[in-house]
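Input: a single structure, listed below in structure tokens.
Letters go in sequence order (proteins before strands), and every chain restarts at 1. Just so it is clear, the model here is predicted, and its values are computed rather than measured.
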Number of protein chains: 2
Amino acid sequence: MAASKERITIQDIAEQSGVSISTVSRVLSGNAGVTEPKRQAVLAAVDKLDYRPNLFAQGLASGQSMSIGVMTQNFGSAFYDAILRGIIAGVEKSNYSPLFADGRWRTDIERRALQTLLNRRVDALILLGTQLDSDDLLDLKKQMPLVIVSRSVAGLEQNCLVVDNYKASFQATTHLLDRGHQHIAHITGALSESNVLRDGAQRLAGYQDALRKAGIEPSPKLVVEGSFRSQSGLLAIETLLTRGKPFSAIFAANDQMATGARLGLYRRGIRVPDDVSLIGFDDQPHSAYMTPPLTTVRQPAEEMGLMAAQAVLNQLQGKPFALPMVSAELIVRESVKHIY
Amino acid sequence: MAASKERITIQDIAEQSGVSISTVSRVLSGNAGVTEPKRQAVLAAVDKLDYRPNLFAQGLASGQSMSIGVMTQNFGSAFYDAILRGIIAGVEKSNYSPLFADGRWRTDIERRALQTLLNRRVDALILLGTQLDSDDLLDLKKQMPLVIVSRSVAGLEQNCLVVDNYKASFQATTHLLDRGHQHIAHITGALSESNVLRDGAQRLAGYQDALRKAGIEPSPKLVVEGSFRSQSGLLAIETLLTRGKPFSAIFAANDQMATGARLGLYRRGIRVPDDVSLIGFDDQPHSAYMTPPLTTVRQPAEEMGLMAAQAVLNQLQGKPFALPMVSAELIVRESVKHIY
DNA sequence: CTGTTAGCGCATTCAG
DNA sequence: CTGAATGCGCTAACAG
């Protein structure tokens with residue numbers, strides 16, 4: 001590949017194909033009629049000279065960057081990664097291209113990352129699990145198309161794509177009840193921080209209501225507040241054991257805590273699922289490889305990414321769009337035992 | 001909404017501070033002397049009007065984008081995520097900002113992702129585990145500052161940042177030997193694809209040489225070729241068991257395969273570490289939470305990211321730079337048992 | 001349909 | 001040291 005010498009511009013291909021630069025611009029943008037022969041000539045020249053329009057010039061002249069900012073909270077997260085994959089796939093067909101940033105679950109970092117995205121003049125925004133204030137979010141919404149994934153914001157219901165945590169949690173708990181478990185402990189997600197409160201609180205509610213529906217009054221002694229991190233799952237086991245109230249199953253608000261709990265049980269010599277059954281939430285890739293493989297709840301991450309992408313693209317084109325509440329699915333594996 | 005948010009330009013702050021736009025440009029870029037009073041006036045105006053220079057205009061006029069392209073192979077990878085974190089931290093202090101792309105371990109995707117990076121006119125490139133041909137890489141090197149992480153390319157030794165796989169692997173195997181193990185199996189990484197050959201082959205070599213140094217001739221029956229994926233670790237167990245040659249320990253070329261192997265052993269009722277000891281490589285975050293916690297090798301990912309960032313920045317400034325071979329560290333946990 | 005012309009916002013000579 | 005004048009490469013009116 002004999003690469004670049006001097007940047008070739010629209011001017012070059014205009015001369016090469018014997019037309020004016022505006023005509024070139026027209027065939028390239030496609031939003032104006034051009035005679036077929038000229039069109040072909042231009043295309044040929046573009047191909048021959050391997051022309052690449054200068055995005056800076058385009059952006060400056062048109063006022064659009066043709067890019068969509070995508071903010072994750074952790075590149076390393078398997079769940080967000082799957083969403084990103086969906087977004088990439090969804091945006092691929094359009095003329096827009098994604099611009100990634102990572103908030104690392106820290107408000108200050110996310111704020112700055114958002115600024116750089118804004119500085120790059122993104123035309124729209126997809127925010128995953130954002131921790132920003134709803135005021136800021138409302139404000140952003142006024143400025144450009146916006147889709148918020150995995151967090152519901154009051155006043156922005158239209159733009160939020162969330163999973164039905166309550167229902168999934170209800171089902172997971174019911175699964176345990178159906179298998180004969182009466183004493184089911186729950187390790188919650190973070191509940192105090194108002195920002196991430198949603199998921200944790202909803203999953204807790206689903207757990208409690210499932211018990212009630214089965215005629216069992218939820219016991220506070222069987223509920224331990226976690227933080228969504230492995231470490232908290234590990235600690236939760238100690239807490240539960242200390243409290244002394246027996247249980248035959250544990251439902252953790254996510255797989256990471258379930259993993260932590262698994263280790264805690266292992267250290268105590270408690271077998272899974274022989275002594276205690278375990279269920280997680282999220283279906284981290286590795287959960288299928290735990291010993292035993294973990295029963296958990298899978299969110300259709302990739303689809304969610306696709307939907308989010310489609311929604312922004314529609315907004316960008318002024319088309320109507322809708323974001324339904326997506327439902328998660330229980331993945332049954334060997335970490336749950338049927339008892340009598 | 002657009003009323004109050006009229007884009008403010010350099011022109012606005014020029015008027016506001018009573019100087020010309022060139023003076024404004026000077027104090028902002030800092031590469032030219034400006035009288036202190038004027039400087040202050042400009043800064044004040046910038047602050048007051050909350051001025052943000054238009055990157056497109058800057059890029060178009062200067063020919064630089066002030067951005068560094070960063071290509072990963074999988075946003076979801078914990079290892080690469082840690083490297084990205086290091087890169088972000090390393091680039092933060094400079095005026096450059098990172099632009100991310102994901103090659104998803106697929107050459108075609110990586111190629112396209114690289115193109116979009118190039119279209120955005122990145123000033124430099126950091127490639128993680130790239131699968132591109134060395135010819136393309138050589139070519140890129142001619143066009144801009146370049147750093148390749150986790151892959152060594154002939155002719156580009158200067159620009160590659162790699163970990164000493166051989167040494168780490170040698171140490172891991174020696175650790176097993178020191179604990180009394182004589183029959184040590186090895187699940188290799190991918191060996192056939194020339195692109196990712198390095199890591200897998202080097203780890204295999206380290207394993208073999210450690211055995212030889214201990215006076216043990218490596219047995220082909222105890223080596224199974226894997227693909228770096230969990231699934232292959234699972235299958236490897238079946239293969240090993242079928243071959244019938246006994247072993248008391250397994251060294252997998254990465255944690256994912258170790259996890260797969262762990263499940264395979266579990267399914268066969270073989271206990272870890274009581275019956276078989278297990279060692280991985282990479283120290284995935286979750287490895288510390290496996291049951292039992294996995295002994296493995298940790299690569300200083302974040303530091304590597306920092307070094308990569310520093311190296312590109314130096315290149316960008318025409319300064320000299322050097323990329324040493326970094327060494328990994330054995331993390332001892334409960335998955336290895338001392339036998340007699 | 002198509003060529004000409006004016007900017008987009010900023011960095012950079014080039015004269016003072 | 002500083003202001004005025006040129007483009008950077010492209011889009012979008014504006015005439016033909």
Without decimals, in angstroms, what is the distance between A:Ile13 CD1 and D:dT11 P? 11 Å
Answer with base, sugar-phosphate or nothing: what part of the nucleic acid does B:Ser22 contact at a heavy-atom distance below 4.0 Å? base
Would you tell me if any nitrogen or oxygen in the side chain of B:Ser25 comes within less than 4.0 Å of OP1 or OP2 on C:dA11? yes
Do the rings of A:Phe100 and B:Phe75 sit parallel, tilted or perpendicular, given the 30° and 60° boundaries? perpendicular
Please name the pair of heavy atoms, one in A:Thr9 and one in A:Asp12, separated by the smallest distance, quoted to 0.1 Å. N-OD2, 2.7 Å
Whole-Å distance separating the CG atom of A:Asn119 from the P atom of C:dG9: 15 Å
What's A:Thr9 touching, base or sugar-phosphate or nothing? Going by heavy atoms closer than 4.0 Å. sugar-phosphate
Output the rounded distance in Å from CD (B:Glu15) to P (C:dG9). 13 Å
Rounded to the nearest angstrom, tell me the gap between atom CG in B:Asp12 and atom P in C:dC8. 11 Å
Rounded to the nearest angstrom, tell me the gap between atom CD in A:Gln11 and atom P in C:dT4. 10 Å
Let me know the distance between CZ of B:Arg7 and P of C:dC10, rounded to the nearest Å. 10 Å
Considering residues, nucleotides and ligands other than A:Gln115, do more than 12 of their heavy atoms fall under 6.0 Å from its CD? yes
What class does the angle between the rings of B:Phe56 and A:Phe56 fall in, given that below 30° is parallel, 30 to 60° is tilted and above 60° is perpendicular? tilted
Using modelled atom types only, decide if a donor and an acceptor are shared between the side chain of A:Ser65 and the backbone of A:Arg121 within a distance under 3.5 Å. yes
Taken to the nearest 0.5 Å, the spacing of B:Asn119 CG from B:Arg112 CZ works out to 11.5 Å
Which listed nucleotide (C:dG9, C:dT5, C:dA11) is nearest to the side chain of A:Ile21? C:dT5
So, B:Glu157 side chain and B:Gly155 main chain: donor-acceptor pair closer than 3.5 Å or not? yes
Looking at DNA chain D, which of residues 53-64 of chain B put a heavy atom within less than 4.0 Å of it? B:Leu60, B:Ala61
Can you check the B:Arg52 CZ to C:dC8 P distance for me, whole Å? 21 Å
Look at A:Thr23 and C:dG3 and indicate whether a side-chain polar atom (N or O) is within less than 4.0 Å of OP1 or OP2. yes
Can you figure out which of D:dT11, C:dG3, D:dG3 approaches the side chain of A:Arg26 most closely? C:dG3
What's the CD1-C1' distance between A:Ile10 and C:dT4, to the nearest Å? 14 Å
